[in-house]
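Each chain gets a letter, A, B and so on, in the order the sequences are listed, and its residues count up from 1. Keep in mind that the numbers below use all heavy atoms, side chains included, and drop hydrogens, waters and symmetry copies.
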There are 2 protein chains.
Amino acid sequence: MQKEQNLSKNQKIIFDLIDKSGGPMKAYSILFNVQKKGIKAPLQVYRALDKLVEIGKIHKIESRNAFIACQNSSCQVSKATAFSICESCENVSEISNLKLSKYLSNFSDNSGMKYNKYNLEFFGLCKKCKSK
Amino acid sequence: MQKEQNLSKNQKIIFDLIDKSGGPMKAYSILFNVQKKGIKAPLQVYRALDKLVEIGKIHKIESRNAFIACQNSSCQVSKATAFSICESCENVSEISNLKLSKYLSNFSDNSGMKYNKYNLEFFGLCKKCKSK
DNA sequence: TTATAAATGTTATATTATTACATAACGTTA
DNA sequence: TAACGTTATGTAATAATATAACATTTATAA
């Protein structure tokens, strides 16, 4: 796992922001938030995001075009991701369930395809929103 | 399951195009292809896509921003979708595996969240691309 | 120290998707 | 069949998301 001090300047600024936010952030919201730190252009944000995704520090929530800090301390590289997404408050959390990840990592069918990565997104209502 | 004859004019044009293509199609590629049929604006395409997704005739491949016809003849409404995506040729197919869908539909953890929908995308190399 | 890769800065532009508003077609039921 | 509500359509403008292209700088390592 890559250490945080190996992150470049922009990567660190952007990772810290996402991490501190505690939830998913969108690219242009990130951009807005880091402009005071000298990051002015979308591309600077997207490049850092790409790298952070590549090394597994963050994940992209595909259905939301948003990025969240990896909440799984033992995360190597993001080849196996699962999230739960509340359709009401849009809260997102990373699911780390060994049985689930084993089941999916070992999944194979008769398509002849070799799977080396997956992303799973569950949708529903979180505890709070359910009780409203 | 909604019958095809219940589709409106634009919905039918767009569904037929996606269905005949046999693979995932992107919204603006759809737009380009249906302009000769009088559908001129992005919104007309997105509105039809939204409806088709809602009734389960097509699914959105979130990681690709693309839409594919439901290949699962017994599909009611798309609350449980799984796809395999070749990262080389971008071929996409819908996985219909009863064990997998049962496993995921019944999945629950201690988050207190009630899951009523999921989307799973597997990535890898298809048979053809593997042997290249 | 030189050369190679990785990261940055900047401008422009491509791609994906929605807002807002006006009109038409369809289905129900009184 | 008239009136009503709902669904679908048409059109223009614009918002939101993401990448291309090119120049320069910084870090790594041979």
Participant: Between C1' on dG10(D) and NZ on K37(B), what's the gap in Å once rounded to a whole number?
Facilitator: 19 Å
Participant: Return the nearest nucleotide to the side chain of N10(B); candidates are dT10(C), dG10(D), dT17(D).
Facilitator: dG10(D)
Participant: What integer distance in Å separates M25(A):CE from dA16(D):C1'?
Facilitator: 15 Å
Participant: Evaluate the criterion salt bridge (charged side-chain N to carboxylate O under 4.0 Å, His left out) for residue pair E87(B) and K117(A); output intermediate values, then yes/no.
Facilitator: CA-CA 10 Å; E87(B) 289 183 300; K117(A) 203 168 98 184; 3.3 Å; yes
Participant: Is there a donor N/O on one and an acceptor N/O on the other, under 3.5 Å, for the side chain of Y28(B) and the base of dA17(C)?
Facilitator: yes
Participant: Taking only side-chain N and O atoms of Q44(B), does any of them lie within less than 4.0 angstrom of OP1 or OP2 on dA8(D)?
Facilitator: no
Participant: So Y115(B) and F107(B), would you call those rings parallel, tilted or perpendicular, with 30° and 60° as cut-offs?
Facilitator: parallel
Participant: Grab the CG-P distance between L7(B) and dA8(D) for me, whole Å please.
Facilitator: 10 Å
Participant: Are Y103(A) and Y103(B), when compared by the centres of their aromatic rings, separated by less than 6.0 Å?
Facilitator: yes
Participant: What is the distance, to the nearest angstrom, from the CD1 atom on I39(A) to the C1' atom on dT8(C)?
Facilitator: 10 Å
Participant: Side chain of L43(A), heavy atoms from C-beta onward: which of dT11(C), dA17(C), dC21(C) has the nearest atom to it?
Facilitator: dT11(C)
Participant: Looking at dA18(D), dT9(D), dG10(D), which one has an atom nearest to any side-chain atom of S8(B)?
Facilitator: dT9(D)
Participant: Output yes when at least one side-chain N/O atom of K26(A) is less than 4.0 Å from OP1 or OP2 of dT17(D), else no.
Facilitator: yes
Participant: Nearest-Å distance, CD1 (I14(A)) to P (dA18(D))?
Facilitator: 14 Å
Participant: Between dA7(C) and K51(A), is there an OP1 or OP2 to side-chain N/O distance shorter than 4.0 Å?
Facilitator: yes
Participant: Which nucleotide in the list dT9(D), dA7(C), dT17(D) gets nearest to the side chain of N65(A)?
Facilitator: dT17(D)
Participant: Rounded off to whole Å, could you give me the CZ-to-P distance for the F32(B) and dA14(C) pair?
Facilitator: 16 Å
Participant: Side-chain N or O of K60(B) versus OP1/OP2 of dA17(C): is the shortest distance under 4.0 Å?
Facilitator: yes
Participant: Identify which nucleotide among dA18(D), dT18(C), dA20(C) has an atom closest to any side-chain atom of Y46(A), counting heavy atoms from C-beta outward.
Facilitator: dA18(D)
Participant: Should K9(B) be listed as having a side-chain N or O under 4.0 Å from OP1 or OP2 of dA8(D)?
Facilitator: no
Participant: Do we see a donor-acceptor contact under 3.5 Å between the side chains of S8(A) and N10(A)?
Facilitator: no
Participant: Rounded off to whole Å, could you give me the CZ-to-C1' distance for the R47(A) and dT25(D) pair?
Facilitator: 12 Å
Participant: Could you tell me the separation between the CD1 atom of I61(A) and the P atom of dT17(D), rounded to a whole number of Å?
Facilitator: 14 Å
Participant: Any luck finding a side-chain donor-acceptor pair between E121(B) and S63(B) under 3.5 Å?
Facilitator: yes
